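The model shown is predicted, which means the values in this text are computed figures rather than measured ones. As the structure lists them, so they are numbered: ligands from 1, and atoms in each ligand from 1.
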Amino acid sequence: MIKPTAGAFLFGILAIGYFAVVQPAPAVAQSVDELAAVCAGCHGENGVPMDKTIPNIWGQNRSYLLNQLVAFKLGHRTNEQMAPVVESLSKTDMEALATHFSKLSWPDLQQPPVPDDVKAKARAILDPLNCRGCHQEHYQGDTVRPRLAGQQDDYLVKTMTDFHTGDRKTYLGMVALMKSIDEADIKALGAYLAAVKLPGH
Ligand code: HEC
Ligand code: HEC
């Protein structure tokens, strides 16, 4: 019994060697500008997304952007528009894209002004839950915590609702926080955060 096993083992080694040799060479790496041109189709040529439910990614924190691309790639975050986009991206591509977009300046998305009663309602929910403890004083975010200030209102509402329902579970801390909030109140939070401006802007 020893010989066939050794033979099969040897064949295995040879087969691995053979397939390694005939593997096609990887496609020529695309430049970051070529890769980013695909993103512009939805996230916008000038940083203004094509639709209110598509997030702005210009000027977002680099580590957060990279985490999301990896999460889409691994299927930890599901979205039918982003899934095919990340399929062909390598780790190096995702790192280059995260660096590229984090360096662009955050666009003015012309969010509608928020009535005082909506502001008061939002603050009464956000402040006791200390959202700024992680998202920082002006909701500008930090490393893996995204900037929320001036993000698209409809997108914010959508993604907070996704945390609330558990459809987005990239971070269980956010799932727990959003579950503690009434779904009907999420709209006011989105409107408020979308209208927050950083000092000097
Ligand atoms: C076909 C449209 C489309 C294209 C092309 C596209 N995106 Fe997206 N992207 C979306 C949508 C829609 C979402 C929001 C997903 C959700 O609601 O969870 C999103 C979300 C994201 C997020 C998460 C942002 C956040 O605030 O959480 C990142 C990062 C991102 N896209 C980067 C990219 C990059 C980089 C490219 C190009 C390589 C790209 N996208 C191409 C539609 C697109
Ligand atoms: C313990 C730290 C922490 C606290 C407190 C916190 N967040 Fe977050 N938040 C995060 C992290 C980390 C992420 C990124 C999750 C991921 O990687 O997908 C996030 C993501 C988000 C996003 C997604 C933004 C985007 O671009 O997709 C929203 C919206 C958000 N938080 C709102 C809130 C609100 C509202 C509160 C208060 C009720 C809050 N957060 C409190 C850490 C926190």
Item to complete: Show your reasoning for whether side-chain contact (heavy atoms from CB on, under 4.5 Å) applies to Arg147 and Leu198.
Response: CA-CA 10 Å; Arg147 172 170 165 173; Leu198 299 195; 3.5 Å; yes
Run the numbers for me: atoms of ligand 1, each under 4.0 Å from some heavy atom of [X], listed by number.
X: Arg77; answer: 15 (C), 16 (C), 18 (O), 23 (C), 25 (C), 27 (O)
X: Val85; answer: 4 (C), 5 (C), 6 (C), 36 (C), 37 (C), 38 (C), 39 (C), 41 (C)
X: Val38; answer: 5 (C)
X: Leu97; answer: 38 (C)
X: Cys42; answer: 1 (C), 2 (C), 3 (C), 4 (C), 5 (C), 42 (C), 43 (C)

Looking at [X], which atoms of ligand 2 are within less than 4.0 Å of one of its heavy atoms?
X: Thr170; answer: 16 (C), 18 (O)
X: Leu129; answer: 38 (C)
X: Tyr155; answer: 25 (C), 26 (O), 27 (O)
X: Val144; answer: 12 (C), 14 (C)
X: Leu126; answer: 35 (C)
X: Leu156; answer: 29 (C)

Nearest non-hydrogen atom to [atom] belongs to which of [options]?
atom: atom 24 (C) of ligand 2; options: Ile181, Leu65, Leu172, Leu148; answer: Leu148
atom: atom 19 (C) of ligand 1; options: Met82, Met94, Lys158; answer: Met82
atom: atom 16 (C) of ligand 2; options: Gln68, Met178, Met174; answer: Gln68
atom: atom 23 (C) of ligand 2; options: Arg168, Gln60, Met160; answer: Arg168
atom: atom 14 (C) of ligand 2; options: Ala122, Ala71, Pro146, Gly141; answer: Pro146

ILVMFWY cluster, [X] and [Y] together (side-chain gap under 4.5 Å):
X: Met174; Y: Ile181; value: yes
X: Leu104; Y: Val32; value: yes
X: Phe72; Y: Val144; value: no

[X] side chain near [Y] side chain, heavy-atom distance below 4.5 Å:
X: Val157; Y: Thr161; answer: yes
X: Asn56; Y: Pro107; answer: yes
X: Phe101; Y: Trp58; answer: yes
X: Lys73; Y: Leu69; answer: no
X: Phe163; Y: Thr170; answer: yes
X: His100; Y: Leu35; answer: no
X: Val70; Y: Met94; answer: yes
X: Ile57; Y: Leu65; answer: yes

Identify, for [atom], the protein heavy atom at the shortest distance, and state residue, atom and that distance.
atom: atom 22 (C) of ligand 1; value: Phe72 CE1, 3.7 Å
atom: atom 11 (C) of ligand 1; value: Asn79 OD1, 3.9 Å
atom: atom 1 (C) of ligand 2; value: Cys134 SG, 2.7 Å
atom: atom 36 (C) of ligand 1; value: Cys39 SG, 2.8 Å
atom: atom 28 (C) of ligand 1; value: Ile57 CG2, 3.8 Å
atom: atom 20 (C) of ligand 1; value: Pro55 CG, 3.5 Å

Discussion item. If the cut-off is 2.8 Å, does any N/O/S atom of Tyr171 fall short of it from atom 8 (Fe) of ligand 2?
Written reply: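 Short answer: no, not a single N, O or S atom is under the cut-off.
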Worksheet item: Counting backbone and side chain alike, does Cys131 bring an N/O/S atom below 2.8 Å of atom 8 (Fe) of ligand 2?
Response: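 No, Cys131 does not qualify, because none of its backbone or side-chain N, O or S atoms lies under 2.8 Å.
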Worksheet item: Salt-bridged, Lys158 to Asp162, with N to O below 4.0 Å?
Response: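 Asp162 and Lys158: salt-bridged.
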Discussion item. Counting neighbours of NZ on Lys91 that are heavy atoms of other residues, nucleotides or ligands and sit closer than 6.0 Å, is the number greater than 12?
Written reply: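 Atom NZ in Lys91 is not packed in, count stays at 12 or less.
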Practice prompt. Begin with the C-alpha distance, continue with both residues' side-chain angles, and end with the deciding distance and a verdict on side-chain contact (heavy atoms from CB on, under 4.5 Å) for Tyr64 and Arg145.
Written response: CA-CA 6 Å; Tyr64 174 73; Arg145 275 92 56 121; over 6 Å; no
Practice prompt. May I ask whether Leu69 has any heavy atom positioned less than 4.0 angstrom from an atom of ligand 1?
Written response: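 Judged by the 4.0 Å heavy-atom criterion, Leu69 does count as contacting ligand 1.
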Fill in: Donor-acceptor side-chain pairing of Asp93 and Ser90 below 3.5 angstrom
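Checked: Asp93/Ser90 side chains pair up, N/O donor to acceptor below 3.5 Å.
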Discussion item. Pairing donors with acceptors under 3.5 angstrom, does anything connect the side chains of Asp51 and Thr53?
Written reply: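 Note: Asp51 and Thr53 side chains meet the donor-acceptor criterion.
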Worksheet item: Heavy-atom contacts under 4.0 Å between Asp162 and ligand 1: side chain, backbone, both, or neither?
Response: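 It is neither; nothing of Asp162 touches ligand 1.
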Worksheet item: How is the N/O/S atom of His43 that comes nearest to atom 8 (Fe) of ligand 1 named?
Response: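 For His43, the N, O or S atom at the smallest distance from atom 8 (Fe) of ligand 1 is NE2.
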Discussion item. Can you tell me which N/O/S atom of His135 has the shortest distance to atom 8 (Fe) of ligand 2?
Written reply: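 The His135 atom nearest to atom 8 (Fe) of ligand 2, restricting to N, O or S, is NE2.
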Fill in: Among Lys119, Lys187, Arg123, the one residue meeting side chain to side chain donor-acceptor pair (under 3.5 Å) with Tyr192
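Only one option passes, and that is Arg123.
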Discussion item. Using a plain distance cutoff, I'd like to know if Gln81 has any nitrogen or oxygen under 3.5 Å from a nitrogen or oxygen of ligand 1.
Written reply: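 For ligand 1, there is no N or O atom that lies under 3.5 Å from one belonging to Gln81.
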Item to complete: Compute the shortest N/O to N/O distance between Tyr64 and ligand 1 and return yes if it is under 3.5 Å, no if not.
Response: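 Yes; at least one N/O pair falls below 3.5 Å.
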Worksheet item: Any idea which part of Leu177 is under 4.0 Å from ligand 2, heavy-atom wise: side chain, backbone, both or neither?
Response: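 Leu177 to ligand 2: side-chain contact only, backbone stays beyond 4.0 Å.
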